[in-house]
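A short worksheet on the structure shown next.
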Amino acid sequence: MSDRSGTILVHMVHFPVLTLGPGRRVGVWLRGCSIHCEGCLSEELWSFDPACARGVDDVAREVYGFFGRDVSPSSVTISGGEPFDQWEATRALLERFASSGIRDVLVYTGYDIADLLCRHGEIASLAAAVVDAPFKLGEDTEAVWKGSENQTLSVFKPEFENVYDEWARSAKGALQVAVSGNRVVSIGIPRQSDAAAIRALVAPES
Ligand code: SF4
């Protein structure tokens, strides 16, 4: 599932994202996940659909385009799909962000952070923070930043520790509703007890 051609499978790029990380962010949802957690809210993103392939440079340019506007983002969140199932492409995108001065990138993954640091240790210098571990149905949580209690937040860049600490102490609140293409989507991570009702109303993007 790695990519050597400079392309990356992307489901959606959206700004503003207000519910997946501190501040006002650009959200990048990747396409394809091999982990298949029971109860995943993003099951429609599991397939590695080649029709979602885009140039890494093209995606980076779209993200840059949001910076410097009147209401500009502070940072980027990469969610899934599973970023580490197409790690070469994800790393290339993170390197583009780093070289253009975007320092606050939050990455969501279903893999264990200790394992990732062994296999892809460069993540600790490319991301400001990572939320890790598979979603566990039945382990509900009130924390705004995760979907199940087993998941953890690792902050790698000391300059962002305070802002992530403050965000991590927030309880779940309102989800964000946005229009993407011809779909209405919810952005954010709901309580497990609310997920079915939300799914019935809109397509969730956690
Ligand atoms: S919760 Fe995340 S890691 Fe788990 S199946 Fe869904 S997209 Fe994959």
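For ligands, and for the atoms within them, numbers begin at 1 and follow the listed sequence.
From the protein, the heavy atom lying nearest to atom 6 (Fe) of ligand 1 is C40 SG, 2.3 Å. Closest protein heavy atom to atom 4 (Fe) of ligand 1: C37 SG, 2.3 Å.
Taking each heavy atom of T90 and P83 in turn, the nearest pair found is OG1-O, 2.8 Å.
Close contacts of ligand 1 with F135, meaning ligand atoms under 4.0 Å from a residue heavy atom, involve 1 (S). Every atom of ligand 1 with a heavy atom of H36 under 4.0 Å away is listed here by number and element: 5 (S).
When heavy-atom distances to ligand 1 are checked against a 4.0 Å cut-off, C33 comes that close only through its side chain, counted from C-beta outward. Neither the backbone nor the side chain of E43 comes within contact range of ligand 1; no heavy atom lies under 4.0 Å. In Y108, neither the side chain nor the backbone holds a heavy atom less than 4.0 Å from any atom of ligand 1.
Between K136 and E149 there is no salt bridge, since no side-chain N of the basic residue sits under 4.0 Å from a carboxylate O of the acidic one. Using a 4.0 Å cut-off between a side-chain N of Lys or Arg and a carboxylate O of Asp or Glu, E62 and R54 qualify as a salt bridge. The pair K157-D104 does not count as a salt bridge, with every side-chain nitrogen at least 4.0 angstrom from each carboxylate oxygen.
In this structure, Q176 contributes its side chain and L18 its backbone to a donor-acceptor pair below 3.5 Å.
Heavy-atom distances between Y111 and ligand 1 stay at or above 4.0 Å for every pair.
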Going through the distances and angles, do L175 and I187 end up as a side chain to side chain contact (heavy atoms under 4.5 Å, CB included)?
-> CA-CA 6 Å; L175 296 177; I187 299 175; over 6 Å; no

